[in-house]
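A short worksheet on the structure shown next.
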Amino acid sequence: ELVVPNLSYRTGPYAANGIPYADGFNDYFTLLNERDGGIGGEMVRVPECETAYNTEKGVECYESTKGDGALAYNPLSTGITYQLIPKVTADGHVLYTPGYGRTSAANGKVFEWVFNYPANYWDGASIIEQYLMGKAGGSLEGKKIALVYHNSAYGKEPIRTLQELAKRDGFELELLPVDHPGQEQKSQWLQVRRSKPDFVIMYGWGVMNQVAIQEAVNIRFPMENFVGIWWSGSENDVRSAGDKADGYTTVSFHGTGMDFPVYGDIQKYVIDAGKAAGAGDEVGTMLYSRGMYAAMIISEAIRKAQEIHGHSAVTPAEVRDGFEQLDLTEARLNELGLPNFAQPIQATCADHGGPGSGLMYKWNAADGKWDAASDWISADSSVIDPLIAEDSAAFAKENNIAERCN
Amino acid sequence: MPDIVLYAAEVTLNGLMAGVLYALVALGFVLIFKASGIFNYAQGVLALFAALTLVGIQKGQVPFAHLLNAMTGKHYTNFPWEVPALVAILLAAGVMVVLAIIIEKLVLKHLVNQAPIILFMATIGMAYFLEGFGDVMWGSDIKTLDVGLPQGINETIDSVTYNMFGYGFFIDNLDIVAAVVAVLLVAALTVFSQYSKQGRALRAVADDHQAALSVGISLRFIWILVWSIAGFVALVAGIMWGSKSGVQFSLSLIALKALPVLMLGGFTSIPGAIVGGLIIGVGEKLFELLIGAPFLGGATENWFAYVLALVFLVFRPQGLFGEKIIERV
Amino acid sequence: MFYREAGDFKTSYREDSQTFPIKFDRLRYYVVLAIAFGVVPLLINDYWANAVAVPFLIYAIAAIGLNILVGYAGQVSLGTGGFMAVGAYAVYKLMTAFPEVSIFIHVLLAGGITAAVGVLFGLPSLRIKGFYLAVATLAAQFFLVWLFNKVPWFYNYSASGQINAPERTVFGVFVTGAQTSAMAKYMFCLVMLTIVALVARNLTRGTVGRKWMAIRDMDIAAEIIGVNPLTTKLSAFAVSSFFIGIAGALFFAVYLGAAEVGEAFGIQKSFLILFMVIIGGLGSIFGSFAGAAFLVLLPVFLKNVLVGTLGWPTDLAAHIELMIVGGLIVTFLIAEPHGLAQLWRVAKEKLRLWPFPH
Amino acid sequence: MNDMSDGYVTADGRQIGGVIMEMKNITLRFGGVVAIKDISFDIRDGEIRAIIGPNGAGKSSMLNVISGFYIPTEGEVMFKGVKRGPMKPYQVARLGIARTFQNIALFDGMSVLDNIMTGRLTHMKSGLLAQAGWWWTGAAKEEDEHREKVEKIIDFLEIQNIRKTPVGRLPYGLKKRVELARALAAEPKLLLLDEPMAGMNVEEKEDMSRFILDVNDEFGTTIVLIEHDMGVVMDLSDRVVVMDYGKKIGDGTPDEVRNNQDVIDAYLGVAHD
Amino acid sequence: MLDAAKTDTTLLEVNNIEVIYNHVILVLKGVSLNVPKGGITALLGGNGAGKTTTLKAVSNLLKSERGEVTKGSITYRGERVQEMSPADLVRKGVIQVMEGRHCFEHLTVEENLLTGAYTRKDGRGAIQADLEMVYNYFPRLKERRKSQAGYTSGGEQQMVAMGRALMSRPETILLDEPSMGLAPQLVEQIFEIVKSVNENEGVTFLLAEQNTNVALRYAHYGYILESGRIVMDGPAADLRENPDVKEFYLGMSDEGRKSFRDVRSYRRRKRWLA
Ligand SMILES: Nc1ncnc2c1ncn2[C@@H]1O[C@H](COP(=O)(O)OP(=O)(O)OP(=O)(O)O)[C@@H](O)[C@H]1O
Ligand SMILES: Nc1ncnc2c1ncn2[C@@H]1O[C@H](COP(=O)(O)OP(=O)(O)OP(=O)(O)O)[C@@H](O)[C@H]1O
Ligand SMILES: [Mg+2]
Ligand SMILES: [Mg+2]
């Protein structure tokens, strides 16, 4: 039996986002169990633990599940991730944080137990910038970009990157912080209305997203010029603004929508069998797909570990090897029923960060779905790699960590 | 006119509008405080619960669907009907009255004559309970709330001001509706509490539970009455805020925006709620514009509202319109 | 029948005013101490330390601190989260600036710094009273959180804005950082709690405590009797913040290890600790312990029962857990508004009379 | 009366000293309400001085002026011959002026013993740090010393058996007694009593009278007494000030006051025996 | 003075009640009394005897102080009232004037009086008329009608509390220490008011009083309560002649009233004074 705890949140201020993610995560493992009899013949158990997006509860969940032979953790919270990094390092568990968490964990030389491929916050900023550059006709010179961000560690992540990019590409960056929870954003949007930026980038979470999109609609900011990071791009965020949100764009590091063969299996083995984690109405949505993506990566890493070590009941340490040598090819994705759902990943000892690429989705209000608005875009590693090296070096120094992989 | 002045004028107007929205929430607090000396922390959750109920009724959701499904293994979600907005609002108001009756019966009745802080804590307990209850009853996903209120920029104001100053002011239609509703509510409630017999009884209860009992005021009736009204006010606030952000847990946090308003206007004054709201709304927006954003890195609104209220309080410890705190020996 | 004061005569005022005047109580108290210091450390594992014991000890410190302010001096504060943040950031700055100084001293200094901040935010209490003051203290809460979030100096310019506790030892044993053993964490916090509880007890049983209580019960009369409201209120703020600062420092350095201010020290924390104080019993040190234990254990317990034993879906369990916690709080307040401590006292009073009613 | 510059001898032969407190042309207004109108009188060392008058006459307000809680709108308060500047009530308390309150102002959450111990505040020295140390810093020792004095007062007022009871639970009359104990614990020079016997039956009033007389007698404590029971006032006091509607309408020995026609009209109704 | 015709029906009957506070403190240990219709009944006793508790037990105000009647019964017009709310009782005509004033501090004097008429349904005119009646009884209140009650003097507050009760047009008034803190002529006045209300409006009174002297002059019947038990009862005239009552409650000895100054001499002097 393989144990992959799901530290989820279905209550609290971010429940609306936590639910579809957790459902996707659970349903994918249920699918593996029901259809394939688990991974490599071992059934997967996914004990769920409610964190309410609260770090203390997150720690409690970690402590209560870790004795159970847990193979990997995916808490979907940057705060909890920071708590867990030292703990998993000491205890020997994998912490997998796709698209969130500590960005510099992409450096496997310092962070042995943490993986955040395929992309991180800084990648996201770079991808969005490149997309906007394309929209602006190839150059952002003299343009103005406003960043509306959640005034927390998470929201502040892209600032450094964007500042570097602004210097290089000659655009002006305007910072507009929004305090938790973000119900009142009049000041920020009046400011946007006045300073008329060409583009607005959003790093938000929870209710802040909905209010921001609504306010942008209200001031008639052109939706195509309003781009959110992947955490600001779920159906929930755009729906409450109605038709006017049409055109709002978000970046994602995986596909979404119902066009993937795997959904047929999920429908058949999970939902119709009455084994779905949720009501079944979230299947194929952005956050559901993301939860499923995380589950898929973890299961592939486990498979890899089984392959490397030659037995099916793998240990947490062996799963770490699986993560580190993960080789997710296009062919494998096709096999999984997820063609072009994600970019191939070839992890190494040093590279825990993946390709750092994403694609843009535009909200189609009429059909109520996300339409792809670009092909895969890769982050500009020349800007991001030095930042990662700097931050991880600082962490290594603070914690007396010797670099690996040399 | 210089640009910054025009802009400041626009920000001020929007501040006024935001203030009205805060006042809507603060009103609920004032009512209950006035009638029982209870600082009702659950007011925010009440607004959430009211909005959830409204949406649930409107969309024909099956209450407790999740619980039922978990127990029976079925898949209930919705009834095959939708309810017109107005009817749904009336039904939701009815639910709030029922809730008031239950709260009186299960909680308040047993806490007559207790210290204010105990009552305050009881309302926090209630807030927890209601939050969980609302989730179980209606689910914790985001719901869009649409009762047909206009939203978005008001074209008339935009074009009029554009013609006058060459700069169109932005005022949200929803805010205008909220302002009208708030003013009506405040006027009605002020008349009720100052000039009616029930209003007088309500203030008596706030002063001294026991003495009120001894002259034959039925605490039960007064409390049900006020909590029902407060529930209705919460419903109105829930509609306004919910239209903007969808209905979800965070809606209950608007209470935090109302507290400085309450403090500044005075816990016991209905007109104080609106005046306090306006001052806070304008104050925090202007501060953010003129000092917060340019010099302090922004996002100052949350604390500034409190600090502003605090400064007022140092000069008037009972708030602008609150009843003077009687200090005698 | 053995629970009696009869036969337990006091021959001096000192004996009469001691903490546990009844022999049996005194005995029980020593037994508890012995278990806490001698038995628990040997049995404790990661789960119990991190999920229950350490948070309990730290919250108990914070609750004692807040109880001094609210329960003894009658000044309701909702700024506890903010003050804990001061403690946390102070200890972080001290730990990184002076790595060679003992963490023990840093924690105490962090308490001292918090005390200073507390006095500053306590100044309005001279004019503002009751709920107005309670709401006013939220200004401290929001301002402090904003400040620590905004000024990079506080988090040593780290890219993420998070603070991470470096590794520190006491007598060569790690007490902070990832390598800390469950036992070390537990013992460090336990020692701190014991000191704090002792000091709090001493302060509250003498003149200082009486001044606080006098201001609480009737401030005007107290002033006419000769209590200086300025120094009395501010001393309450200082002492309370001192303890809360220590709790914040431990919470960050020993318990969490890494923290982000808005998340770890938000307004929810303020409410949580106020809850502990009130459920436990205002104006009772024992109550602070009881309240902290209750509110740390209850959710863990409920979660284990609902999810672990009954196997409910986590979200349903979480919602019902909220309902139960809320419902229990209300039930408790109705049953005994003066908290667990009073419940305990009444039980003892009954026991003393038992088996004869009245 | 003001001609007796160096005291006088009372009817029962006690020697009364010089003026220790003098109220000069005190006026006190609250918005439109004039609570005290241009009143002057003095209090002499060792005497029992009563203030009487109908309800709302301004008696309690006068006491509040003396104890520094109200600042008079006009006029001045002379204490031991010097003008008392604007002072906070707690500073006045440190001058040796203690009082009881008309609407009992005990600290409800504290035990009787603790309430009385607060009375000794002005005499206790150990500060915050000393308190924190308790045994090693001597705070415990100081506490014991004061406790001993307080116990004497407890014995004196015969409230031993309720020592540990929270005052909130006590019946009215006992509360009044505890209040007196708290005031006595301060070992005041000047003791202000605002209706100490309201709500008591005759037996209890007798007890209270005895306490008041004993305090006055043994320690030479000067006492200002407000009381509506004419029997008590006439029997206990040496001199009486009579107020009506904020004005002084009489001042003199009980006998003088009793026969003053203004006083009879305004207050007594019928001449008291 | 004692009108036999009025007193043959018992209005209020308290039957052997026990009251416990906070689940542990036993205060009343079996108190029984009868209040006849149209009479003035006095409840006398020292501090802490349980007078207030008895009155609150009748008016059902104990619950809000965490007290409860654990034994015995209370009937009004033969109907058990223990389960009724205080408001129901007021509607039935029983109102209590609480000890220690209990005014609504933030309401003006006049608003305080008007709350007394809360349960009345007989229209504005009648209420206005009664307001005038109360002002007639207490002219001082008319002067202060617009002041917040919290700022009036102790005696004025007592008048407000009395006036407020009269405003409800009650059948029975439970008066707790009406004379406390009132100037002598006002005490007489209040009792005169009690008497005239009793005689003219036929209102029944049950009053707890410390001022035994006045109480027994105006009451028809008296009960003496000591530490939770009735120790003596009888017509007021008889009680006044009882030597023990004279000694302990009236302060009279054979040679008339003794001086408060003299009490000291016959009591033992305290140890610490020696
Ligand atoms: N703080 C205040 N604000 C307004 N009016 C006040 C204040 N204090 C007292 N008064 C008024 O001043 C007058 C005198 O009040 P005071 O309490 O001194 O009367 P008193 O002589 O003690 O009467 P009693 O015998 O009834 O206690 C009263 O009419 C009272 O209403
Ligand atoms: N809320 C309470 N909790 C506990 N004990 C109480 C409470 N109220 C009263 N008691 C106790 O009940 C007893 C009777 O009190 P009660 O107030 O009835 O006396 P009383 O006869 O009215 O005295 P007084 O003349 O002083 O008003 C007292 O010993 C008192 O300590
Ligand atoms: Mg007075
Ligand atoms: Mg009484």
Side-chain angles (χ1 to χ4, degrees), chain B residues 30 33-37 104-105 107-116 118-119 193-225 266-270 272 318-319 321-329, chain E residues 55-56 59-67 84-108 110-121 124 127 148-154 157 160-161 164-170 173-174 176:
Chain B
V30 169
F33 193 84
K34 224 175 149 71
S36 46
E104 195 280 337
K105 207 160 191 68
V107 184
L108 300 176
K109 191 168 109 186
H110 307 282
L111 288 170
V112 179
N113 218 18
Q114 292 302 337
I118 303 293
L119 293 164
S193 86
Q194 284 305 327
Y195 303 105
S196 78
K197 171 174 130 179
Q198 302 302 352
R200 195 162 52 228
L202 181 151
R203 288 186 289 143
V205 172
D207 261 359
D208 190 332
H209 288 176
Q210 261 211 327
L213 278 175
S214 82
V215 297
I217 295 173
S218 159
L219 289 189
R220 200 188 143 144
F221 172 72
I222 292 286
W223 281 349
I224 291 179
L225 179 72
F267 282 24
T268 46
S269 165
I270 292 171
Q318 69 276 33
F321 298 94
E323 274 166 352
K324 194 140 184 259
I325 300 158
I326 293 182
E327 300 207 318
R328 280 199 67 186
V329 281
Chain E
L55 294 193
K56 283 192 173 159
S59 58
N60 274 333
L61 288 173
L62 276 181
K63 208 184 272 161
S64 57
E65 294 209 28
R66 308 190 86 68
M84 283 184 190
S85 73
D88 288 338
L89 265 173
V90 173
R91 248 173 257 125
K92 283 201 168 301
V94 185
I95 193 162
Q96 171 162 11
V97 178
M98 289 204 289
E99 164 186 54
R101 287 128 201 176
H102 284 282
C103 292
F104 303 118
E105 292 189 332
H106 290 98
L107 269 56
T108 63
E110 184 153 313
E111 284 176 324
N112 260 284
L113 295 178
L114 287 174
T115 54
Y118 180 80
T119 48
R120 282 173 62 173
K121 304 236 167 345
R124 258 165 206 274
I127 292 175
Q148 281 195 331
Y151 286 115
T152 54
S153 86
Q157 291 184 359
V160 170
R164 195 171 62 192
L166 289 179
M167 289 296 293
S168 78
R169 282 266 153 203
I173 299 185
L174 311 174
D176 202 351

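Excluded from the calculations below are hydrogen atoms, water molecules and symmetry mates; all remaining heavy atoms, backbone and side chain alike, are included. Order of the sequence lines fixes the chain letters, A, B, ..., with proteins taken first and strands second; residue numbering starts at 1 for each chain.
B:Gln210 and E:Met98 get closest at one heavy-atom pair: C-CE, 3.6 Å. Minimum interatomic distance between B:Lys197 and E:Tyr118 (heavy atoms only, all atoms of both residues): NZ-O, 2.8 Å.
Qualifying ring pair (Phe, Tyr, Trp, His ring centres under 6.0 Å) partners for B:Phe33, counting only residues two or more places apart in sequence or in other chains: B:Phe267. Annotation: side chain to side chain contact (heavy atoms under 4.5 Å, CB included) contacts of E:Thr119 (sequence neighbours excluded): E:Val90, E:Arg91. Take B:Arg220 and apply the salt bridge (Lys or Arg N to Asp or Glu O under 4.0 Å) test, not counting sequence neighbours, and it matches B:Glu104.
Interface check for chain B: of the options E:Asp88, E:Ile95, E:Leu89, the most heavy-atom pairs under 4.5 Å are formed by E:Ile95. Among the candidates B:Leu219, B:Ile217, B:Leu111, the residue making the largest number of heavy-atom pairs closer than 4.5 Å to chain E is B:Ile217.
At a 4.5 Å heavy-atom cutoff, the contact between E:Leu114 and chain B is made by backbone and side-chain atoms alike. Using a 4.5 Å cut-off between heavy atoms, E:Thr115 contacts chain B through both its backbone and its side chain. For E:Lys63, no part sits under 4.5 Å from any heavy atom of chain B, backbone or side chain.
With B:Val215 as the partner, the side chain to side chain contact (heavy atoms under 4.5 Å, CB included) test is satisfied by one option alone out of E:Arg164, E:Met167, E:His102: E:Arg164.
Listed by sequence position, B:Arg203, B:Ala204, B:Asp207, B:Asp208 are the residues of residues 202-209 of chain B in contact with chain E, using a 4.5 angstrom heavy-atom cutoff.
Residues B:Ser214 and E:Leu61 meet the side-chain proximity criterion, which asks for heavy atoms closer than 4.5 Å.
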